Structures are given as C-alpha cells and as structure tokens.
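None of the values given here were measured: they were computed from a predicted structure. Proteins get letters first, then strands, A, B, ... in listed order; numbering begins at 1 in each.
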There are 2 protein chains.
Amino acid sequence: MTDWSVCFILSVMTNSKIKKSPRERIIETACDLFYKQGFHATGINQIISESAVAKASFYDHFPSKDELIHDYVFEMSKRDFADFCAEIDEYDTAEERFYGPLHILGPWFIETDYRGCPFQNVVSEIPLKDERILEMIKKHRARERDFFRQLGKEYIDERSELSDVDPDALADMYELLFDGAIANATAYRSMDPVESAIASLKNYLGR
Amino acid sequence: MTDWSVCFILSVMTNSKIKKSPRERIIETACDLFYKQGFHATGINQIISESAVAKASFYDHFPSKDELIHDYVFEMSKRDFADFCAEIDEYDTAEERFYGPLHILGPWFIETDYRGCPFQNVVSEIPLKDERILEMIKKHRARERDFFRQLGKEYIDERSELSDVDPDALADMYELLFDGAIANATAYRSMDPVESAIASLKNYLGR
DNA sequence: GTCTATATTCTGATAGAC
DNA sequence: GTCTATCAGAATATAGAC
C-alpha cells in the first residue's frame, strides 16, 4: 500500500476515527451502523470494512458479532448521558432545564437522521433472554428517570406554587411521556408528540 | 391416507389454521413469528415450514419476504383493535373503560410472552423509507388516539367535576403515557410502568 | 478463505374444477 | 382434456459468520 492510499483512507475516515485503536474503531463503527440500520440488518463484513480492520483483528477482539451488542448498549448509554448533561448545562433557569430533555429532541431529529431510542430498538431486536443487556438497559432507564427526578426537584424547589408536587410521581410521568414522545415522533416523523409531552407536563403542573 | 391420519394431522394443527387457505396460513404464521422473533431474525424457510405450504406456493402468493411485512402490519393492526374493543366492551362504567386499555395490558404481559408494541418493533427494524408501512402505522396510531379520546370524552361527560378537562389534550397525553408504559414494561418486564401511567392519569384528572 | 444459511427460482408431479 | 392451485424438493446465487 502506498503512502497515497494511506492518505486517502485517512482522509475519507471521519476525524474521530483517526488514531484510534482497532477496538475503538470497531465499536464506533458498530454504534453508527447498529443505530442506523439495526443489529440484524448490519453484516459483520460492513462493520469490518468500515472500521478498517482486518477480519482476523475483529475476531481477535470480539468472539462473535453478538458480543458487540453489549459494547453497543454500553457505549450508547454513555454517549446519551454525556450529550444530555452537556446540553442541559447550557440552560440558565430551572424551568428551562426541566423541559430541556424534551426541547433537545428537536435538533436531534433534524440534525441526525433520528431512528428513535437506541435501547428501545435493541429491546425489539434481541430476544428478551439476554439478561446482561436487559440489565444495562434497565440501569440506563433508571438513571434517566433519576435525572428527570433531579430536574423536577430543582424546578419544584424553585417555585413555591409547585411545593405540593411529588417529585417521584413527576419523574415517573416524565419518563413515560418522554419515551412515548420519542416512539411517536419517530413513527410519525414529526415533533408534534414532543410538543404534546411538553403540553402534558405544563398542564399537569397547572401552568 | 386413512381417515385416522387425517384426524391426527388436523388435531395437531391449531384450530385456527384448519381449512384456511395457504395465503391465510402464511400470514398467520408470519404474524406469530415476526412478533416473537422479529422480522430479520425470522427466516423464510421457517415461515414456509410452519405454515405448511410449499416454497413455490409461498412465492406464488408473495413476490418476496419483504412484502410480508405489509400484511403483517395490516393484520396486527386489525387484531389489535379487535382485541381492544372486545375487552373494553366487557367493562360496565365509563371510568373502567377509560382505564381499560392500561388494565388490559397486565393479562397480555402474563398470558402471551409479550414483546412490546408490534408497530414500534417494526419501526425499529425497517428503514424509515418505506412510506407504505409508515402510513399504515401512522393510521393505526391515529385510530388508537381517537379511541382513547372517545373513552376520555365519555368519562368526562359522565363526571361533572371533569367538565373542564380538554378531551384532546387528554387523548394526546394518554397516547404518550400508553406507549411509554408499553416500552418500559417490555424493557423492565414489570407492570410498574403501567401502574405509573394509571397513577399519572389519575393525578392529572385530580383524583 | 471457507463454510453455512438464506432468499429466490426452477422442475416435475398431483389433485380438483370446469 | 385443460387449467389452475398446490406441493415437494433440487438448484442457484448471494450474503453472512467465523
């Protein structure tokens, strides 16, 4: 392989993939493809070619394609929280932060070709027997729910007229509205369900 | 073939499959398998053998496996409504009927090995480009939302203290809570999210 | 690179309707 | 007899996993 072809390969790779280890490149590629195409619809050959590793290297790092799904869920959970926290931090008031997770969805739908909640998608593709994956997904959702609870608590504490609102009931409701909004927005390819979720919360909080 | 062997064959077939045409058997089998295993994870050979048709017969009725997904969505939508309507009719009061769709989920989770909303699962497996499927799913959800609206309207009309509740806002909220509850109950394999949805509605309606 | 699985097509045969 | 629907299975091509 000449230097030029190396240059070419590097140039067509996303910046984020340069200099990363084969293992990191594989996981990153798998995340992109699994999310965009789904797990079963993504072949191992595509993962191998797009992550620019040798087939032997792949099977050196992972015993099988199935194992990748664990890393996928783990990685997506990490990303999801990092993204949310970073964006929520931008908001100034407790009210903005409270509605933040829902407001954030809009740009995500437009900028990325959004395909719904990755964890929901995993649950619908894998058999419900894989305890390890289900545990990770449960953990993610529980963390997400706590995140919503925290945002709700801060909002409640700031507003005296909200003092009788139960933060736990609010968090449970938020989680359901949030997931329902994502599911419907994905199917409808419209932000209307997200608007409905916001309206429902405002209604519930009496404002 | 003796009369006895015919008896035997008929007896091992599910009643529902007796006397049905090959086409009907194929669709019925496909519905079962796509729902239980997912679309991509289900091979054409399994569909063919379990529906007891010849391979040529299958391709006589369907140009490809992909086409089956349309009949799958259509059939599941039909079943879904038939099941809901039948069960809701059993309830006596407007209040019971209003919470009926959520209460019904419990037995479904226990009796069938529930794998979440079939339409949600289709959306996560197929590329978002297939307009025909997306249209059917949109139509299903819109009908479902109207169903919730109707139940809400009857409940509101019956109770004077609910007279200021907007049936449309309530229906939007119901749809989101319902879908969120199904998604979470499937992932958690617990009815807690369904209970949360019921609690949220009761809270919202001030009771 | 190898081997398996999958989707699809093709061949030949049977049974009933007209 | 002809036509159509069905069945059984071989043959092919492709894609997949390893």
Seminar exercise, completed: Ranking C:dT11, D:dT6, C:dT8 by distance to the side chain of B:Tyr59, first place goes to C:dT8
For this session: For B:His61, report the nucleic acid contact type (base, sugar-phosphate, nothing); a contact means any heavy atom under 4.0 Å.
Result: sugar-phosphate
Exercise. Please give, in whole Å, the distance from D:dA10 C1' to B:Ile48 CD1?
Worked result: 14 Å
For this session: Provide, to the nearest angstrom, the distance between the NZ atom belonging to B:Lys55 and the P atom belonging to D:dA11.
Result: 13 Å
For this session: Let me know the distance between CZ of B:Arg25 and P of D:dA5, rounded to the nearest Å.
Result: 15 Å
Exercise. From C:dT8, C:dC10, D:dG16, pick the nucleotide closest to the side chain of B:Ala56?
Worked result: C:dC10
Problem set entry | Which nucleotide in C:dA7, D:dA8, D:dC18 has an atom nearest any side-chain atom of B:Lys65 | C:dA7
Exercise. From D:dC18, C:dA7, D:dT6, pick the nucleotide closest to the side chain of A:Ser64?
Worked result: D:dC18
Problem set entry | Candidate nucleotides C:dA7, D:dC18, D:dT6, ranked by approach to the side chain of B:Ser57 - the nearest | D:dT6
For this session: Check the distance between C:dT8's C1' and B:Leu68's CG and give it to me in whole angstrom.
Result: 14 Å
Exercise. Between A:Lys138 and A:Glu135, does at least one N-O distance fall below 4.0 Å, as a salt bridge requires?
Worked result: yes
Problem set entry | Interatomic distance where CZ belongs to B:Phe58 and P belongs to D:dA5 [whole Å] | 17 Å
Problem set entry | Residues A:Arg145, A:Asp168: salt bridge by 4.0 Å N-O rule | yes
Exercise. Using 4.0 Å as the upper bound for N to carboxylate O, is an ion pair formed by A:Glu75 and A:Lys78?
Worked result: yes
Problem set entry | Geometric cation-pi criterion B:Lys65 and B:Phe58, 6.0 Å radius, 45° cone | no
Problem set entry | For atom CZ of B:Arg23 and atom P of D:dT4, their distance in whole Å | 19 Å
Exercise. Which whole-number value in Å describes the distance from B:Ile26 CD1 to D:dA5 C1'?
Worked result: 12 Å
Exercise. Looking at side-chain heavy atoms only, is the closest gap between A:Asp146 and A:Glu175 below 4.5 Å?
Worked result: no
For this session: Grab the CZ-C1' distance between B:Phe62 and C:dT9 for me, whole Å please.
Result: 18 Å
